[in-house]
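Contents: one structure, followed by commentary.
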Amino acid sequence: MSDETKKPKEQYTAEPQWRYNAALAQDIELKWQKEWDDTGAFYAANVKGNLVNGKGDHAGTQKPYFAIDMFPFPSGKGLHVGHPLGYIATDMMSRYHRMKGENVLHAIAFDAFGLPAEQYAVQTGQHPRITTEENIANMRRQLHRMGLSFDSRRSFATTDMNYVQWTQWIFSQIYNSWYDPTFTRPDGGQGSARPISTLIDQFTNGTRSIPGHAGAQWSDLTTREQEDVLNDFRLAYISKAPVNWAPGLGTVLANEEVTADGRSERGNFPVFKRQLRQWSMRITAYGHRLIEDLETVDWPDKVKAMQRNWIGESHGAAIHFDVDRVADGLDIYTTRPDTIFGTTFMVISPEHPLCEKAPAEWPVGVPEQWTGGYDSPLEAVRAYRQADEAKSAADHVSDGQTKSGVFTGLYAINPVTGQQLPIFTADYVLMDYGFGAIMAVPGGDQRDYDFATTFGLPIVYTVLPQGVIVDDLDGSQPMVTKVGTVINSATESTAHGQQPLSLNGQSVADATSTVITWLEEEQIGNGVTSYRLRDWLFSRQRYWGEPFPIVYDEDEVPHLLPADMLPVRLPDVPDYTPKTFDPDDASSNPEAPLSRNTEWTTVQLDLGDGLKTYHRETNTMPNWAGSCWYYLRYLDPQDDTYCVDPSEEAYWMGPDHNATAGKSGGIDLYIGGVEHAVLHLLYARFWHKVLFDLGYVSSSEPFHKLFNQGYVQAYAYTDSRGQYVPAAEVIETVEGSYHQFEWNGEMVNREFGKMGKSLKNIVTPDDMYEEYGADTFRLYEMSMGPLAESRPWNTKDVTGSLRFLQRLWRNCINEQTGLSTVTDEAPDLKTLKLLNKTIAEVTDEMEGMRPNTAIAKLIVLNNHLTSLPAVPRAAVEPLILMVAPIAPHIAEELWNRLGHDESLAHADWPVADPQYLGADLVTAVIQVKGKVRAKLEVPSDITEEDLRDRALHSEGIEKWIGTLPPRKVIVKAPKIVSIVPSE
RNA sequence: GCCUCUGUGGCGAAAUUGGUAUACGCAGUGGACUUAAAAUCCACCGCUUCGGCUUGCGGGUUCGAGUCCCGCCGGAGGCACCA
């Protein structure tokens, strides 16, 4: 009995079989993903070789479009909904360009070496190769479920041996190159990487003298001596300069990996400056080109500015100062040589070699505070240097006006004035910028001023500051009184036989060039360009990275392994965990895990002069190495002859490959987070330029168009104790403008920021697939707001995206039968006009990568179709095609159910018919004193006179303009009439 | 401190060269359908003392300013002893 009463109710309430809900979406999505895989729908065709498109063809005359994301790191945690934002955008653009008939290369690889993978492996007790592979498998599954149109044949991980081999090969090319700043490149530019053999030729035939061995023959030098000379030229070289040592991480780090407060970006450990022997890349040789060529790429201004700031090119002068009793004297760098008359003391870095020349006795009459309380300059300087070494990078930054330092007991001579200047050592002068020494001008520089006031040193002003009257400073001669004019800067002195110099009355810019010319004539100094950018520290004391293709002989001379010995495989080691230390233990020393396998480190090789014993380099490369060139490997992933075949690189990335790419060439679209603005993007540009100089690639820049997607942010909730509560369970109530949040009957506070496990606010793509389906998820991500902006995730808003797809589905499909309901009758004029307007506008939005506004317009069209008694095929088919890049599965299914046998992946993007674009009637607005007072329906081709006339006589307008003739009437036909009434 | 960017309804956000501010979505309100609810469909939805007032605040340019200029205030990001 009860069964009978229930049964009809159930039948009644059950959802129709063909309602577009999460379950149906899943069926559709899995079906089409399989179809795409089976038919190779997204296979991109190469020029030659075995990579052809799904139809079996090589690239023909089709325009190429190469669009990729910054590839992911295969994390053990998997993805949350914030991660795929960029991937969906790139996929949308790839699908759009495919429908425009272009040959689209869209692929993904995995950045699988590096610290986090290693740490994850340590936690799980498994070999990093195993955990890395598991993580990649999980990530592939999550990404595949999203329906991203990758060419699956072009996917790889940076840890694949076949890839490592070519990473090592590129290192070899860099190692075997030097930078010749005078060489004219084939593209007409000055300066180029060249094979090191061309440098050896110059040494051998005497066209270049051998540094440190003047007059010697190259062949007379020992192998050791030759290598030492070459090391100073190689683009990958062994550096003995101060490096960043993080004991808590157990490895050294690049400058780019150290935060502003002197801690490691990963792990937040203190970083110490240490003199350690490490591999370095001479990226500074490319400083100018890395700035200059930013002009040739289509990047956000913000990222360009960040790279310019990071490289920090500045123009100034190198000036030589004689030093009492020290033959070599002292060279300094300044950007303000015009202020040399205001120099009242000198400062050298504690690491500066001149510190070692500190005398054993204080000069007579030295103020107490200059001595630091020590009995001699020698002791004072030694103590100051020791204290300096123990400081972490963070402790070096002085707080405000207090500056530390000590007098060296030495005096320099101002080459312009002949004045004696005390030389101090202080840690505010850095050894690795300029010459590690400055001329201090307390009248012009805040830091010098702070130091001068601390140590009671004189202050001289040489540039007229605001509000100072000229006669007070220099009444002796008549002068212009302009702020920024150089004053107090003249010498009659000819003590060294120099020409007198006066800068008085000149502008700073003029004075600067005057003094540089003078310095060059007198051979005291010269104009130089300096960079903030340091060479790139390239070795790490880690297990999970690429081994260097380098061995050392018994004299510690490095030898490069030839290409046929690559790849150098990572050996097994008894323990691959990094050796870490007390984070504050500055005296600790790095230990490379690879050195633990002594069977591997010692090796017998024949490198051309018989079998000899060598030991291997035990450092590994930083994980930036793999990300420096992976985009090239997509083009030609299986090549055994080249890292990328030149003809493939020319087709996909060359300067002529695509009208959008401009003269630099490069990838058509590269989407990723702004956090890589000065790390990956700078390093990759550098490697690419070396490969360009050496003739391996034809594009001078790797990434022609760069786009930074915003971050997906999320709300998190804390209870009264400050503990995070599960965000999904929080109930929000709104009263007026007042919002309340409740969890388990308790009021909780809302905060806004990242999505993270500890914040209990993670939403995963898997959650979305289950509740809404991949298409709804993709659509929501694209409709949240402008792609470049960060936006908060709001799961409840996702329903709006689902409703749009449901309505689209219902417009085409009978929910009971699953059959098409569209009519083949022609659409009415209103529909045609809206359709063509939508096509024109959505095309425009897609070109500008504004999916949020594109979607709004698609919804408007769809809502209009909903209001029609029957949905015309001619209107809904273009709509389906336009939805396809964003929600591809439902689009394919509808396309199929409407009777198309072919996938729409390569269908033609709709084109607007111009005859429906112009409007016959438009609304003209009548403004009086800038306020809208009336509206008129007028023909769109109305003349200005006509419109003016009709506006002035329109109903009710005299109420606003009065009876007097208006003072002024502006007409912009057919939209605006602006009336200024007489008073 | 220096360099970028940003500020519009209850919320996410639109507004192409200065030309009808608030498209589209969420939330909300009312109605139709239903025994009822959900779903769906239709309508409304900045504030207002009904004069008007509204794009963080104060000025300016203009017939007309969210948009351009000057000065503040708030928010985000980057760099930071770089001579």
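Residue numbers begin at 1 in each chain, while the letters A, B, ... track the order of the sequences.
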| Results of side-chain hydrogen bond (donor to acceptor under 3.5 Å, both in side chains) for A/Asp445 - residues two or more places apart only | A/Arg447
| said: Counting only side-chain nitrogens and oxygens, does A/Arg810 get under 4.0 Å of the OP1 or OP2 atom of B/rA39? | reply: no
| request: Round to the nearest Å and state the distance from A/Gln307 atom CD to B/rU4 atom P. | output: 16 Å
| request: Tell me, please, which residues at least two apart from A/Pro851 pass side-chain contact (heavy atoms from CB on, under 4.5 Å). | output: A/Met92, A/Met782, A/Leu787
| message | Which heavy atom of A/Thr284 sits nearest to which heavy atom of A/Leu533, and what is that distance? | response | CG2-O, 3.3 Å
| remark: Residues at least two apart in sequence or cross-chain that pass side-chain contact (heavy atoms from CB on, under 4.5 Å) with A/His864, listed by chain then number, are A/Lys830, A/Thr831, A/Leu834, A/Ser867, A/Leu868
| note | Assigned chi class of B/rG9 under the 90° convention is syn
| said: Does a side-chain N or O of A/Arg803 approach OP1 or OP2 of B/rA27 to a distance below 4.0 Å, or not? | reply: yes
| request: Please work out if A/Ser867 contacts a base, only the sugar-phosphate, or nothing of the nucleic acid, heavy-atom cut-off 4.0 Å. | output: nothing
| note | Symbol by symbol from the 5' end, with Watson-Crick or G-U pairs under 3.5 Å, [ ] crossing and | another strand, RNA chain B is (((((((..(((......[....))).(((((.......))))).((....))..(((((..]....))))))))))))....
| message | Under the rule for side-chain contact (heavy atoms from CB on, under 4.5 Å), what residues qualify as partners of A/Ser530, not counting sequence neighbours? | response | A/Ser314, A/Tyr333, A/Tyr433
| Does OP1 or OP2 of B/rU40 have a side-chain N or O of A/Arg19 closer than 4.0 Å? | no
| Residue pairs involving residues 775-787 of chain A (criterion salt bridge (Lys or Arg N to Asp or Glu O under 4.0 Å); sequence neighbours excluded) | A/Asp91-A/Arg778
| Can you tell me if the side-chain N/O atoms of A/Arg308 get under 4.0 Å from OP1 or OP2 in B/rC79? | no
| field | Pair listing, side chain to side chain donor-acceptor pair (under 3.5 Å) test, anchored in residues 782-795 of chain A, at least two apart | value | A/Trp793-A/Thr795
Could you pull out the protein-nucleic contacts involving nucleotides 51-56 of chain B (nitrogen or oxygen on both sides, under 3.5 Å)?
none

| task | Report yes if a side-chain nitrogen or oxygen of A/Asn863 is closer than 4.0 Å to either non-bridging phosphate oxygen (OP1 or OP2) of B/rG25; otherwise report no. | result | yes
| For A/Glu815, salt bridge (Lys or Arg N to Asp or Glu O under 4.0 Å) partners two or more places apart | A/Arg19, A/Arg810
| Does A/Gln816 have any side-chain contact (heavy atoms from CB on, under 4.5 Å) partners at least two apart in sequence or in another chain, and if so, which? | A/Pro16, A/Asn814
| task | Any pair with a residue in residues 302-317 of chain A that passes salt bridge (Lys or Arg N to Asp or Glu O under 4.0 Å), sequence neighbours left out, goes on the list, sorted by first then second residue, please. | result | A/Glu295-A/Arg308
| request: Using a 4.0 Å cut-off on protein heavy atoms (strictly under), produce a 5'-to-3' string for nucleotides 16-23 of chain B with B for base contact, S for backbone-only sugar-phosphate contact, and - for none. | output: ---BBS-B
